[in-house]
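Throughout, protein chains are lettered first and strands after them, A, B, ... in sequence-line order, and every chain is numbered starting at 1.
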Amino acid sequence: MKKLIDYTKILRSKNAGPLFITFDLIFNTKEDMEYVEKRLRKEEIARVYDVKENAIDIISYGVVNSIKITFPRKNISGSLEDSDIYGCQQHMPLANILI
Amino acid sequence: MKIVALNGLLGYGYSEEALNLAFSEKVDYLGVDAGSTDPGPYYLGSGKSFTDRGAVKRDLTLALPKALEHKAPFIIGTAGGAGSELHVRWLKDILLEIATEEKLSFKLGTVLSDVRTEYVLEKLDGGKMIDMSSEFPADRSAIKDSVRIVSQVGIAPIIELLKKGADVIICGRACDTAIYAAPCIYEGFNEGLSFHMAKIMECGAMCSEPVAAADVMQGYIYDEYFELRPANPVRRCTVDRVAAHTLYEQSNPYLIYEPDGVCDLTNSRFEQVDERTVRVSGSVFREAEEKTLKLEGVKCSGFRTICPATIYDSETVKNIDLIIKTVTDFVKENTQNTLPKDSYTINFKLSGGVDSSLGIIMDIVGKTQEIADTVCALARSRMLHCDYDGRKSTAGNLAFPFSPSDIHVGEVYEFSVFHLVKVDSLLETAQITTEVVGK
(Lines give C-alpha, C1' and ligand atoms only; values in the text may rest on other atoms or scores of the structure.)
Protein backbone atom coordinates (compact mmCIF):
# COMPACT_ATOMS: atom_id res chain seq x y z
CA MET A 1 0.00 0.00 0.00
CA LYS A 2 1.24 3.42 -0.95
CA LYS A 3 -0.25 6.88 -0.55
CA LEU A 4 -2.17 8.02 -3.61
CA ILE A 5 0.19 10.96 -4.08
CA ASP A 6 3.11 8.56 -4.52
CA TYR A 7 1.56 7.16 -7.71
CA THR A 8 1.15 10.59 -9.31
CA LYS A 9 3.23 13.13 -11.19
CA ILE A 10 0.78 15.92 -10.38
CA LEU A 11 -1.91 15.99 -7.71
CA ARG A 12 -3.73 19.28 -7.24
CA SER A 13 -7.00 20.83 -6.13
CA LYS A 14 -8.65 23.98 -7.44
CA ASN A 15 -12.06 25.62 -7.65
CA ALA A 16 -14.08 24.77 -10.73
CA GLY A 17 -16.04 27.96 -10.18
CA PRO A 18 -16.83 29.01 -6.59
CA LEU A 19 -19.33 26.18 -6.02
CA PHE A 20 -17.17 23.16 -6.95
CA ILE A 21 -13.80 21.76 -6.05
CA THR A 22 -11.92 19.69 -8.59
CA PHE A 23 -8.86 17.46 -8.21
CA ASP A 24 -6.47 16.50 -11.01
CA LEU A 25 -4.35 13.38 -10.68
CA ILE A 26 -1.81 13.07 -13.48
CA PHE A 27 0.27 9.90 -13.76
CA ASN A 28 3.58 9.11 -15.43
CA THR A 29 2.22 6.02 -17.14
CA LYS A 30 -1.05 4.58 -18.34
CA GLU A 31 -0.41 1.56 -16.08
CA ASP A 32 -0.22 3.75 -12.96
CA MET A 33 -3.41 5.51 -13.99
CA GLU A 34 -5.29 2.28 -14.55
CA TYR A 35 -3.94 0.75 -11.34
CA VAL A 36 -5.29 3.67 -9.31
CA GLU A 37 -8.49 3.93 -11.35
CA LYS A 38 -9.40 0.36 -10.42
CA ARG A 39 -8.71 0.83 -6.72
CA LEU A 40 -9.78 4.37 -5.87
CA ARG A 41 -13.23 4.23 -4.26
CA LYS A 42 -15.80 7.03 -4.06
CA GLU A 43 -16.70 5.76 -0.60
CA GLU A 44 -13.20 6.60 0.63
CA ILE A 45 -13.23 10.08 -0.94
CA ALA A 46 -16.67 10.71 0.57
CA ARG A 47 -15.30 9.72 3.98
CA VAL A 48 -12.16 11.90 3.98
CA TYR A 49 -14.00 14.97 2.66
CA ASP A 50 -17.29 14.36 4.47
CA VAL A 51 -19.35 14.67 1.28
CA LYS A 52 -22.10 12.50 -0.18
CA GLU A 53 -20.83 9.66 -2.33
CA ASN A 54 -23.37 10.34 -5.10
CA ALA A 55 -22.17 13.96 -5.37
CA ILE A 56 -18.69 12.83 -6.45
CA ASP A 57 -17.77 12.64 -10.13
CA ILE A 58 -14.73 10.67 -11.23
CA ILE A 59 -13.69 11.00 -14.87
CA SER A 60 -10.66 9.37 -16.49
CA TYR A 61 -8.91 11.45 -19.14
CA GLY A 62 -6.60 8.97 -20.82
CA VAL A 63 -5.16 11.49 -23.30
CA VAL A 64 -2.79 12.66 -20.58
CA ASN A 65 -2.98 9.69 -18.16
CA SER A 66 -5.14 11.50 -15.69
CA ILE A 67 -8.13 11.17 -13.41
CA LYS A 68 -10.36 14.07 -12.44
CA ILE A 69 -12.50 14.14 -9.30
CA THR A 70 -15.11 16.86 -8.76
CA PHE A 71 -17.69 17.51 -6.07
CA PRO A 72 -19.63 20.52 -4.70
CA ARG A 73 -17.91 22.62 -2.06
CA LYS A 74 -19.73 22.48 1.26
CA ASN A 75 -18.54 25.99 2.10
CA ILE A 76 -18.60 27.83 -1.19
CA SER A 77 -15.69 30.11 -2.04
CA GLY A 78 -15.73 33.27 0.06
CA SER A 79 -18.49 32.15 2.42
CA LEU A 80 -17.96 33.09 6.06
CA GLU A 81 -16.88 29.54 6.93
CA ASP A 82 -14.49 29.17 3.97
CA SER A 83 -10.73 29.04 4.60
CA ASP A 84 -9.44 28.49 1.06
CA ILE A 85 -10.87 30.94 -1.48
CA TYR A 86 -9.08 29.42 -4.51
CA GLY A 87 -9.48 25.85 -3.23
CA CYS A 88 -5.89 25.04 -4.13
CA GLN A 89 -4.90 23.57 -0.74
CA GLN A 90 -7.64 20.95 -0.38
CA HIS A 91 -5.76 17.99 -1.85
CA MET A 92 -4.00 16.50 1.19
CA PRO A 93 -6.83 14.24 2.43
CA LEU A 94 -6.97 12.77 -1.09
CA ALA A 95 -3.19 12.59 -1.37
CA ASN A 96 -3.01 10.52 1.81
CA ILE A 97 -5.57 7.89 0.80
CA LEU A 98 -3.86 4.48 0.77
CA ILE A 99 -4.06 2.55 -2.48
CA MET B 1 -6.17 33.50 -39.38
CA LYS B 2 -3.88 34.53 -36.55
CA ILE B 3 -5.12 35.51 -33.14
CA VAL B 4 -2.90 36.56 -30.25
CA ALA B 5 -3.54 36.26 -26.51
CA LEU B 6 -1.67 38.97 -24.64
CA ASN B 7 -1.46 36.82 -21.51
CA GLY B 8 -3.71 34.88 -19.11
CA LEU B 9 -4.85 37.90 -17.12
CA LEU B 10 -4.56 41.59 -17.95
CA GLY B 11 -2.17 43.14 -15.45
CA TYR B 12 -0.14 39.98 -14.83
CA GLY B 13 2.55 41.14 -17.30
CA TYR B 14 4.20 39.54 -20.35
CA SER B 15 7.48 39.72 -22.24
CA GLU B 16 7.64 42.81 -24.48
CA GLU B 17 9.94 40.95 -26.84
CA ALA B 18 7.37 38.15 -27.17
CA LEU B 19 4.70 40.72 -28.06
CA ASN B 20 6.99 42.24 -30.72
CA LEU B 21 7.67 38.78 -32.15
CA ALA B 22 3.95 37.97 -32.24
CA PHE B 23 3.37 41.19 -34.21
CA SER B 24 6.32 40.62 -36.56
CA GLU B 25 3.79 38.81 -38.78
CA LYS B 26 0.21 39.83 -39.60
CA VAL B 27 -2.12 39.58 -36.59
CA ASP B 28 -5.87 39.52 -37.22
CA TYR B 29 -7.17 39.76 -33.65
CA LEU B 30 -5.72 40.43 -30.20
CA GLY B 31 -7.43 39.34 -26.99
CA VAL B 32 -6.93 39.34 -23.26
CA ASP B 33 -8.94 38.05 -20.34
CA ALA B 34 -9.16 40.56 -17.52
CA GLY B 35 -11.21 38.73 -14.94
CA SER B 36 -11.99 35.69 -12.82
CA THR B 37 -14.15 34.64 -9.87
CA ASP B 38 -11.10 32.93 -8.34
CA PRO B 39 -10.33 35.77 -5.91
CA GLY B 40 -13.82 35.40 -4.45
CA PRO B 41 -16.91 37.60 -4.12
CA TYR B 42 -15.31 40.76 -2.69
CA TYR B 43 -14.38 42.44 -5.96
CA LEU B 44 -17.79 42.20 -7.55
CA GLY B 45 -19.30 43.54 -4.33
CA SER B 46 -16.91 46.42 -3.76
CA GLY B 47 -16.62 47.39 -7.42
CA LYS B 48 -12.82 47.31 -7.06
CA SER B 49 -10.36 45.56 -9.34
CA PHE B 50 -8.16 42.77 -8.01
CA THR B 51 -5.52 43.67 -10.58
CA ASP B 52 -3.29 46.69 -10.08
CA ARG B 53 -4.01 49.83 -12.11
CA GLY B 54 -0.35 50.48 -12.91
CA ALA B 55 0.21 46.92 -14.10
CA VAL B 56 -2.96 46.95 -16.23
CA LYS B 57 -1.90 50.25 -17.79
CA ARG B 58 1.55 48.86 -18.62
CA ASP B 59 0.06 45.77 -20.28
CA LEU B 60 -2.31 47.91 -22.37
CA THR B 61 0.11 50.69 -23.26
CA LEU B 62 2.43 48.31 -25.08
CA ALA B 63 -0.31 46.33 -26.78
CA LEU B 64 -2.89 48.91 -27.86
CA PRO B 65 -0.76 50.76 -30.49
CA LYS B 66 0.28 47.40 -32.00
CA ALA B 67 -3.30 46.21 -32.32
CA LEU B 68 -4.38 49.48 -33.96
CA GLU B 69 -1.39 49.48 -36.32
CA HIS B 70 -2.29 45.94 -37.47
CA LYS B 71 -6.01 46.81 -37.62
CA ALA B 72 -6.46 43.82 -35.32
CA PRO B 73 -9.55 44.32 -33.16
CA PHE B 74 -8.48 44.14 -29.51
CA ILE B 75 -11.00 42.29 -27.30
CA ILE B 76 -10.80 42.60 -23.51
CA GLY B 77 -13.05 40.26 -21.52
CA THR B 78 -14.37 40.73 -17.95
CA ALA B 79 -13.01 44.22 -17.38
CA GLY B 80 -11.63 45.07 -13.96
CA GLY B 81 -11.65 41.48 -12.72
CA ALA B 82 -15.37 41.13 -12.00
CA GLY B 83 -16.91 42.80 -15.04
CA SER B 84 -19.63 45.00 -13.55
CA GLU B 85 -20.42 48.46 -14.91
CA LEU B 86 -18.06 49.95 -12.29
CA HIS B 87 -15.26 47.67 -13.47
CA VAL B 88 -15.88 48.50 -17.12
CA ARG B 89 -15.71 52.21 -16.27
CA TRP B 90 -12.43 51.65 -14.39
CA LEU B 91 -10.83 49.95 -17.39
CA LYS B 92 -12.25 52.44 -19.87
CA ASP B 93 -10.70 55.26 -17.86
CA ILE B 94 -7.26 53.60 -18.19
CA LEU B 95 -7.76 53.11 -21.95
CA LEU B 96 -8.78 56.74 -22.46
CA GLU B 97 -5.75 57.88 -20.49
CA ILE B 98 -3.48 55.83 -22.77
CA ALA B 99 -5.27 57.12 -25.87
CA THR B 100 -4.59 60.71 -24.79
CA GLU B 101 -0.97 60.06 -23.84
CA GLU B 102 -0.16 58.08 -26.99
CA LYS B 103 -2.38 60.24 -29.25
CA LEU B 104 -4.39 57.24 -30.42
CA SER B 105 -7.74 57.23 -32.12
CA PHE B 106 -10.09 54.25 -32.40
CA LYS B 107 -13.68 53.05 -32.33
CA LEU B 108 -14.42 51.72 -28.86
CA GLY B 109 -17.15 49.15 -28.31
CA THR B 110 -18.46 48.42 -24.84
CA VAL B 111 -20.58 45.56 -23.53
CA LEU B 112 -22.25 45.93 -20.16
CA SER B 113 -23.74 42.75 -18.73
CA ASP B 114 -25.14 43.81 -15.34
CA VAL B 115 -28.66 42.61 -14.60
CA ARG B 116 -31.31 44.05 -12.30
CA THR B 117 -32.64 42.18 -9.26
CA GLU B 118 -36.12 42.24 -10.87
CA TYR B 119 -34.76 40.42 -13.93
CA VAL B 120 -33.46 37.60 -11.74
CA LEU B 121 -36.67 37.39 -9.69
CA GLU B 122 -38.67 37.13 -12.91
CA LYS B 123 -36.46 34.24 -14.01
CA LEU B 124 -36.92 32.56 -10.63
CA ASP B 125 -40.70 32.98 -10.70
CA GLY B 126 -40.89 31.85 -14.32
CA GLY B 127 -39.06 28.60 -13.51
CA LYS B 128 -36.15 29.71 -15.68
CA MET B 129 -33.44 29.51 -13.06
CA ILE B 130 -31.22 26.42 -12.86
CA ASP B 131 -29.10 25.49 -9.83
CA MET B 132 -25.50 24.53 -10.60
CA SER B 133 -24.81 22.84 -7.26
CA SER B 134 -27.10 21.02 -4.85
CA GLU B 135 -25.29 22.90 -2.07
CA PHE B 136 -26.31 26.28 -3.49
CA PRO B 137 -30.00 26.43 -4.43
CA ALA B 138 -31.51 29.65 -5.78
CA ASP B 139 -32.80 31.74 -2.90
CA ARG B 140 -35.31 34.58 -3.19
CA SER B 141 -34.05 36.57 -0.22
CA ALA B 142 -30.41 36.19 -1.30
CA ILE B 143 -31.34 37.52 -4.75
CA LYS B 144 -33.16 40.46 -3.14
CA ASP B 145 -30.17 41.19 -0.87
CA SER B 146 -27.74 41.27 -3.80
CA VAL B 147 -25.78 44.48 -4.24
CA ARG B 148 -24.63 43.62 -7.75
CA ILE B 149 -25.46 40.88 -10.26
CA VAL B 150 -23.74 40.34 -13.59
CA SER B 151 -24.38 37.90 -16.40
CA GLN B 152 -21.57 36.01 -18.08
CA VAL B 153 -22.15 36.79 -21.74
CA GLY B 154 -20.89 34.62 -24.56
CA ILE B 155 -19.80 35.39 -28.11
CA ALA B 156 -23.03 37.13 -29.24
CA PRO B 157 -22.42 40.71 -28.02
CA ILE B 158 -18.75 40.63 -29.09
CA ILE B 159 -19.79 39.57 -32.59
CA GLU B 160 -22.31 42.44 -32.66
CA LEU B 161 -19.51 44.89 -31.93
CA LEU B 162 -17.18 43.35 -34.51
CA LYS B 163 -19.97 43.84 -37.06
CA LYS B 164 -20.12 47.50 -36.04
CA GLY B 165 -16.41 47.82 -36.77
CA ALA B 166 -15.12 48.26 -33.20
CA ASP B 167 -11.31 48.50 -32.98
CA VAL B 168 -11.27 47.92 -29.23
CA ILE B 169 -13.92 46.06 -27.25
CA ILE B 170 -14.26 46.28 -23.48
CA CYS B 171 -16.56 43.60 -22.22
CA GLY B 172 -18.23 43.37 -18.84
CA ARG B 173 -18.54 39.88 -17.34
CA ALA B 174 -17.93 37.46 -20.21
CA CYS B 175 -17.05 33.81 -20.65
CA ASP B 176 -13.27 33.58 -20.93
CA THR B 177 -13.68 31.63 -24.17
CA ALA B 178 -15.86 34.30 -25.80
CA ILE B 179 -12.88 36.65 -26.20
CA TYR B 180 -11.16 34.30 -28.66
CA ALA B 181 -14.07 32.24 -29.97
CA ALA B 182 -16.12 35.28 -31.04
CA PRO B 183 -13.70 36.55 -33.74
CA CYS B 184 -13.08 33.00 -35.07
CA ILE B 185 -16.80 32.23 -35.37
CA TYR B 186 -17.46 35.72 -36.77
CA GLU B 187 -14.90 34.95 -39.49
CA GLY B 188 -16.72 31.70 -40.25
CA PHE B 189 -14.45 29.10 -38.65
CA ASN B 190 -15.72 25.84 -37.18
CA GLU B 191 -17.33 26.40 -33.78
CA GLY B 192 -15.85 23.32 -32.14
CA LEU B 193 -12.32 24.33 -33.11
CA SER B 194 -13.00 27.97 -32.21
CA PHE B 195 -14.22 27.20 -28.68
CA HIS B 196 -11.51 24.63 -28.01
CA MET B 197 -8.76 27.00 -29.15
CA ALA B 198 -10.32 29.81 -27.12
CA LYS B 199 -10.45 27.67 -23.98
CA ILE B 200 -6.70 27.08 -24.20
CA MET B 201 -5.72 30.60 -25.26
CA GLU B 202 -7.61 32.40 -22.51
CA CYS B 203 -4.88 31.35 -20.06
CA GLY B 204 -2.08 32.90 -22.15
CA ALA B 205 1.01 30.71 -22.25
CA MET B 206 -0.26 28.34 -19.53
CA CYS B 207 -0.26 25.47 -22.04
CA SER B 208 3.46 25.88 -22.77
CA GLU B 209 6.74 24.79 -21.21
CA PRO B 210 8.00 26.51 -19.15
CA VAL B 211 4.46 27.29 -18.04
CA ALA B 212 3.41 30.95 -17.76
CA ALA B 213 0.04 32.65 -17.48
CA ALA B 214 2.05 35.85 -17.83
CA ASP B 215 3.10 35.59 -21.46
CA VAL B 216 1.92 35.85 -25.06
CA MET B 217 0.25 32.93 -26.90
CA GLN B 218 -0.43 32.67 -30.62
CA GLY B 219 -3.31 30.75 -32.18
CA TYR B 220 -3.64 29.95 -35.88
CA ILE B 221 -7.02 28.69 -36.98
CA TYR B 222 -7.69 26.89 -40.29
CA ASP B 223 -10.70 25.04 -41.69
CA GLU B 224 -9.79 21.61 -40.33
CA TYR B 225 -7.59 22.32 -37.30
CA PHE B 226 -5.91 24.97 -35.18
CA GLU B 227 -2.32 25.38 -34.04
CA LEU B 228 -0.84 26.89 -30.93
CA ARG B 229 2.67 28.28 -30.59
CA PRO B 230 3.94 30.54 -27.79
CA ALA B 231 5.35 33.87 -29.00
CA ASN B 232 8.26 33.75 -26.60
CA PRO B 233 11.05 31.59 -28.16
CA VAL B 234 12.02 30.23 -24.72
CA ARG B 235 8.64 28.45 -24.50
CA ARG B 236 7.19 25.55 -26.45
CA CYS B 237 3.76 23.96 -26.71
CA THR B 238 3.67 20.23 -26.12
CA VAL B 239 0.87 17.75 -26.77
CA ASP B 240 0.73 16.89 -23.06
CA ARG B 241 0.45 20.51 -21.95
CA VAL B 242 -2.16 21.39 -24.54
CA ALA B 243 -4.23 18.26 -23.93
CA ALA B 244 -3.95 18.63 -20.15
CA HIS B 245 -5.19 22.21 -20.29
CA THR B 246 -8.87 21.27 -20.32
CA LEU B 247 -8.38 19.56 -16.95
CA TYR B 248 -7.55 22.88 -15.34
CA GLU B 249 -10.36 24.52 -13.33
CA GLN B 250 -12.97 22.55 -15.27
CA SER B 251 -15.32 19.95 -13.85
CA ASN B 252 -15.13 17.78 -16.99
CA PRO B 253 -12.08 17.62 -19.28
CA TYR B 254 -14.12 16.50 -22.31
CA LEU B 255 -16.86 19.10 -22.25
CA ILE B 256 -16.66 22.89 -22.36
CA TYR B 257 -20.05 24.42 -21.54
CA GLU B 258 -20.93 27.66 -23.29
CA PRO B 259 -24.10 29.79 -23.38
CA ASP B 260 -24.58 28.64 -26.99
CA GLY B 261 -24.03 24.93 -26.40
CA VAL B 262 -21.26 22.51 -25.54
CA CYS B 263 -17.86 21.90 -27.10
CA ASP B 264 -17.06 18.17 -27.03
CA LEU B 265 -13.41 17.11 -27.01
CA THR B 266 -14.00 13.34 -26.88
CA ASN B 267 -12.57 12.93 -30.38
CA SER B 268 -10.00 15.72 -30.31
CA ARG B 269 -6.58 14.83 -31.73
CA PHE B 270 -3.36 16.48 -30.64
CA GLU B 271 -0.20 16.39 -32.78
CA GLN B 272 3.26 17.86 -32.32
CA VAL B 273 3.89 19.74 -35.59
CA ASP B 274 7.34 21.05 -34.75
CA GLU B 275 9.30 21.56 -31.55
CA ARG B 276 7.15 24.49 -30.42
CA THR B 277 3.82 23.96 -32.16
CA VAL B 278 0.83 21.71 -31.41
CA ARG B 279 -2.01 21.04 -33.86
CA VAL B 280 -5.51 20.18 -32.63
CA SER B 281 -8.41 18.80 -34.65
CA GLY B 282 -11.63 16.87 -34.15
CA SER B 283 -13.30 19.06 -31.50
CA VAL B 284 -17.04 19.25 -32.07
CA PHE B 285 -19.64 21.84 -31.08
CA ARG B 286 -23.24 20.92 -30.31
CA GLU B 287 -25.71 23.76 -30.11
CA ALA B 288 -27.94 23.71 -27.03
CA GLU B 289 -31.68 23.56 -27.56
CA GLU B 290 -32.14 25.90 -24.65
CA LYS B 291 -29.69 28.78 -24.34
CA THR B 292 -28.49 29.75 -20.87
CA LEU B 293 -26.48 32.49 -19.24
CA LYS B 294 -24.66 32.21 -15.95
CA LEU B 295 -25.44 34.87 -13.36
CA GLU B 296 -23.07 35.92 -10.60
CA GLY B 297 -24.32 38.06 -7.75
CA VAL B 298 -23.06 39.06 -4.33
CA LYS B 299 -24.59 40.39 -1.14
CA CYS B 300 -22.97 42.35 1.67
CA SER B 301 -22.78 40.16 4.79
CA GLY B 302 -21.41 42.79 7.15
CA PHE B 303 -18.04 44.06 8.30
CA ARG B 304 -15.03 42.02 9.32
CA THR B 305 -12.54 42.36 12.14
CA ILE B 306 -9.87 39.69 12.53
CA CYS B 307 -7.26 38.82 15.11
CA PRO B 308 -4.42 36.54 14.04
CA ALA B 309 -2.42 34.70 16.72
CA THR B 310 -0.30 31.60 17.30
CA ILE B 311 -0.30 29.01 20.07
CA TYR B 312 3.10 27.37 20.56
CA ASP B 313 2.34 25.55 23.84
CA SER B 314 1.47 21.94 22.99
CA GLU B 315 -0.81 21.54 26.04
CA THR B 316 -2.80 24.62 24.97
CA VAL B 317 -3.02 23.24 21.44
CA LYS B 318 -4.45 19.96 22.80
CA ASN B 319 -7.19 21.90 24.59
CA ILE B 320 -8.19 24.07 21.62
CA ASP B 321 -11.70 22.64 21.24
CA LEU B 322 -12.50 23.39 24.87
CA ILE B 323 -10.98 26.88 24.60
CA ILE B 324 -13.01 27.72 21.50
CA LYS B 325 -16.22 26.57 23.18
CA THR B 326 -15.44 28.60 26.30
CA VAL B 327 -14.71 31.71 24.24
CA THR B 328 -17.81 31.30 22.06
CA ASP B 329 -20.09 30.87 25.09
CA PHE B 330 -18.46 33.78 26.89
CA VAL B 331 -18.97 36.14 23.96
CA LYS B 332 -22.59 35.05 23.62
CA GLU B 333 -23.31 35.62 27.29
CA ASN B 334 -21.56 38.98 27.38
CA THR B 335 -23.33 40.40 24.36
CA GLN B 336 -26.85 39.05 24.79
CA ASN B 337 -28.16 42.25 26.37
CA THR B 338 -26.07 44.72 24.42
CA LEU B 339 -26.01 43.48 20.82
CA PRO B 340 -29.00 42.63 18.62
CA LYS B 341 -29.61 38.91 18.05
CA ASP B 342 -27.77 37.42 15.07
CA SER B 343 -25.71 40.56 14.65
CA TYR B 344 -22.38 38.75 14.38
CA THR B 345 -20.68 35.45 13.46
CA ILE B 346 -17.40 34.12 14.82
CA ASN B 347 -15.28 31.63 12.93
CA PHE B 348 -12.02 30.34 14.31
CA LYS B 349 -9.82 29.58 11.31
CA LEU B 350 -7.12 27.15 12.41
CA SER B 351 -4.00 25.93 10.66
CA GLY B 352 -1.47 23.34 11.77
CA GLY B 353 -1.75 22.12 15.32
CA VAL B 354 -1.17 18.38 15.11
CA ASP B 355 2.17 17.93 16.92
CA SER B 356 3.03 21.53 16.09
CA SER B 357 2.11 25.11 16.78
CA LEU B 358 -1.40 26.22 15.90
CA GLY B 359 -2.20 29.28 13.82
CA ILE B 360 -5.52 30.94 14.62
CA ILE B 361 -7.44 33.68 12.95
CA MET B 362 -10.39 34.88 14.98
CA ASP B 363 -12.71 35.96 12.20
CA ILE B 364 -15.64 38.10 13.24
CA VAL B 365 -18.24 39.49 10.86
CA GLY B 366 -20.68 41.96 12.42
CA LYS B 367 -23.65 43.88 11.10
CA THR B 368 -21.53 46.97 11.71
CA GLN B 369 -17.77 47.43 12.07
CA GLU B 370 -18.33 48.48 15.72
CA ILE B 371 -20.10 45.21 16.50
CA ALA B 372 -17.29 43.23 14.87
CA ASP B 373 -14.74 45.21 16.91
CA THR B 374 -16.59 44.60 20.18
CA VAL B 375 -16.93 40.86 19.58
CA CYS B 376 -13.34 40.51 18.41
CA ALA B 377 -12.03 42.31 21.52
CA LEU B 378 -14.08 40.05 23.81
CA ALA B 379 -13.03 36.88 22.00
CA ARG B 380 -9.37 37.84 21.87
CA SER B 381 -9.07 38.76 25.56
CA ARG B 382 -11.03 35.68 26.69
CA MET B 383 -8.93 33.36 24.56
CA LEU B 384 -5.68 34.92 25.76
CA HIS B 385 -6.46 34.07 29.36
CA CYS B 386 -8.65 30.97 28.97
CA ASP B 387 -7.90 28.33 31.61
CA TYR B 388 -7.89 24.55 31.20
CA ASP B 389 -6.89 21.55 33.36
CA GLY B 390 -3.15 21.27 33.86
CA ARG B 391 -2.35 24.71 32.44
CA LYS B 392 1.21 25.76 33.32
CA SER B 393 1.70 28.75 30.98
CA THR B 394 -0.63 30.99 32.95
CA ALA B 395 0.67 34.30 31.56
CA GLY B 396 -1.21 34.00 28.27
CA ASN B 397 -2.24 31.50 25.56
CA LEU B 398 -1.63 33.58 22.45
CA ALA B 399 1.37 35.03 20.63
CA PHE B 400 0.15 38.14 18.81
CA PRO B 401 2.28 39.14 15.83
CA PHE B 402 0.99 42.72 15.76
CA SER B 403 0.05 45.71 17.84
CA PRO B 404 -2.80 46.50 17.50
CA SER B 405 -3.78 42.84 17.58
CA ASP B 406 -7.17 43.37 15.92
CA ILE B 407 -7.43 44.34 12.27
CA HIS B 408 -10.26 45.96 10.32
CA VAL B 409 -10.88 44.16 7.05
CA GLY B 410 -14.00 46.17 6.21
CA GLU B 411 -17.04 45.15 4.22
CA VAL B 412 -17.60 41.45 3.52
CA TYR B 413 -19.38 40.04 0.49
CA GLU B 414 -20.63 36.54 -0.22
CA PHE B 415 -21.99 35.01 -3.39
CA SER B 416 -25.78 35.30 -3.36
CA VAL B 417 -26.42 34.20 -6.94
CA PHE B 418 -24.44 31.69 -8.95
CA HIS B 419 -26.99 30.07 -11.22
CA LEU B 420 -27.91 29.57 -14.83
CA VAL B 421 -30.93 31.27 -16.37
CA LYS B 422 -32.74 30.21 -19.51
CA VAL B 423 -32.82 33.05 -22.02
CA ASP B 424 -34.78 33.83 -25.17
CA SER B 425 -31.82 35.65 -26.68
CA LEU B 426 -28.13 35.51 -25.80
CA LEU B 427 -28.16 39.30 -26.15
CA GLU B 428 -30.94 39.90 -23.64
CA THR B 429 -28.64 40.98 -20.81
CA ALA B 430 -26.10 42.86 -22.94
CA GLN B 431 -26.03 46.62 -23.37
CA ILE B 432 -23.90 47.44 -26.38
CA THR B 433 -22.51 50.89 -27.21
CA THR B 434 -19.86 52.31 -29.52
CA GLU B 435 -18.04 55.63 -29.50
CA VAL B 436 -15.07 57.20 -31.22
CA VAL B 437 -12.07 57.88 -28.99
CA GLY B 438 -9.49 60.53 -29.93
CA LYS B 439 -9.60 63.06 -32.83
Side-chain angles (χ1 to χ4, degrees), chain A residues 8-30 33 49-93 96, chain B residues 36-45 50 131-137 152 238-255 257 265-270 294 296 298 301-302 304 344-351 359 361 363-365 412-416 418-419:
Chain A
T8 62
K9 174 167 75 172
I10 287 175
L11 190 154
R12 63 191 182 193
S13 69
K14 182 80 201 275
N15 291 350
L19 309 187
F20 289 87
I21 184 100
T22 191
F23 302 81
D24 299 336
L25 284 57
I26 307 182
F27 301 85
N28 280 312
T29 64
K30 192 168 188 280
M33 179 191 113
Y49 285 101
D50 190 25
V51 291
K52 288 189 204 106
E53 214 176 304
N54 61 13
I56 302 170
D57 265 340
I58 302 182
I59 300 173
S60 300
Y61 186 56
V63 189
V64 282
N65 299 327
S66 56
I67 299 173
K68 183 176 253 309
I69 302 164
T70 306
F71 53 79
R73 286 178 65 132
K74 274 192 298 184
N75 297 321
I76 71 164
S77 173
S79 64
L80 300 188
E81 299 78 17
D82 181 29
S83 296
D84 185 359
I85 302 282
Y86 287 63
C88 56
Q89 282 295 313
Q90 298 307 304
H91 52 285
M92 285 317 287
N96 289 328
Chain B
S36 170
T37 52
D38 267 351
Y42 174 77
Y43 301 93
L44 180 57
F50 67 82
D131 294 341
M132 298 182 66
S133 160
S134 54
E135 304 288 321
F136 197 68
Q152 220 181 82
T238 63
V239 164
D240 270 11
R241 284 273 183 206
V242 171
H245 191 77
T246 55
L247 284 168
Y248 189 61
E249 298 177 332
Q250 285 251 113
S251 53
N252 186 322
Y254 293 107
L255 301 174
Y257 291 97
L265 314 185
T266 309
N267 296 313
S268 298
R269 288 181 302 280
F270 302 87
K294 191 190 288 178
E296 299 170 358
V298 296
S301 302
R304 175 171 271 144
Y344 71 90
T345 59
I346 308 185
N347 281 288
F348 294 87
K349 301 198 167 167
L350 309 177
S351 52
I361 298 173
D363 172 16
I364 290 91
V365 176
V412 179
Y413 296 94
E414 290 181 282
F415 284 111
S416 52
F418 212 92
H419 302 88

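Applying the salt bridge (Lys or Arg N to Asp or Glu O under 4.0 Å) criterion to A/Asp82, with sequence neighbours excluded, gives A/Arg73. The ring-ring contact (aromatic ring centres under 6.0 Å, His included) test applied to B/Phe136 returns B/His419, not counting sequence neighbours.
With a 4.5 Å cut-off on non-hydrogen atoms, A/Tyr61 touches chain B through its backbone and its side chain both. Proximity to chain A is limited to the side chain of B/Phe270, based on heavy atoms less than 4.5 angstrom apart.
In this structure, the side chains of A/Ile26 and B/Asp240 stay at 4.5 Å or more apart for every pair of heavy atoms.
Counting heavy-atom pairs closer than 4.5 Å to chain B, the top-ranked of the candidates A/Gly78, A/Pro72, A/Ser79, A/Pro18 is A/Pro18. Comparing B/Thr246, B/Asn347, B/Val365, B/Leu247 by how many heavy-atom pairs each has under 4.5 Å with chain A, the most go to B/Leu247. If you tally non-hydrogen atom pairs under 4.5 Å between each of B/Pro41, B/Pro253, B/Gly40 and chain A, the highest count goes to B/Pro253. Interface remark: of the candidates A/Asn15, A/Thr70, A/Leu19, A/Leu19 forms the most heavy-atom pairs closer than 4.5 Å to chain B. Most heavy-atom pairs under 4.5 Å with chain A, from the set B/Asp363, B/Val412, B/Asn252: that is B/Asn252. When the candidates A/Ile69, A/Asp57, A/Asp24 are compared by the number of heavy-atom contacts under 4.5 Å with chain B, A/Asp24 comes out ahead.
Looking at every heavy atom in both residues, A/Ser77 comes nearest to B/Phe415 through O-CD1, 3.5 Å. Closest approach of B/Ala243 and A/Val64 over heavy atoms only: CB-CG1, 3.7 Å. Between A/Leu80 and B/Glu414, the closest heavy-atom pair is N-OE2, 3.0 Å. Closest of all the heavy-atom pairs between A/Lys68 and B/Ser251 is CD-O, 3.4 Å.
For a heavy-atom cut-off of 4.5 Å, chain B lies close to A/Ser83, A/Ile85, A/Tyr86 in residues 83-92 of chain A.
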- Item | Trace of the side-chain contact (heavy atoms from CB on, under 4.5 Å) decision for B/Phe418 with A/Ile76 | CA-CA 10 Å; B/Phe418 212 92; A/Ile76 71 164; over 6 Å; no

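Sorted by first and then second residue, the salt bridge (charged side-chain N to carboxylate O under 4.0 Å, His left out) pairs with a member in residues 244-255 of chain B read A/Lys14-B/Glu249; sequence neighbours excluded.
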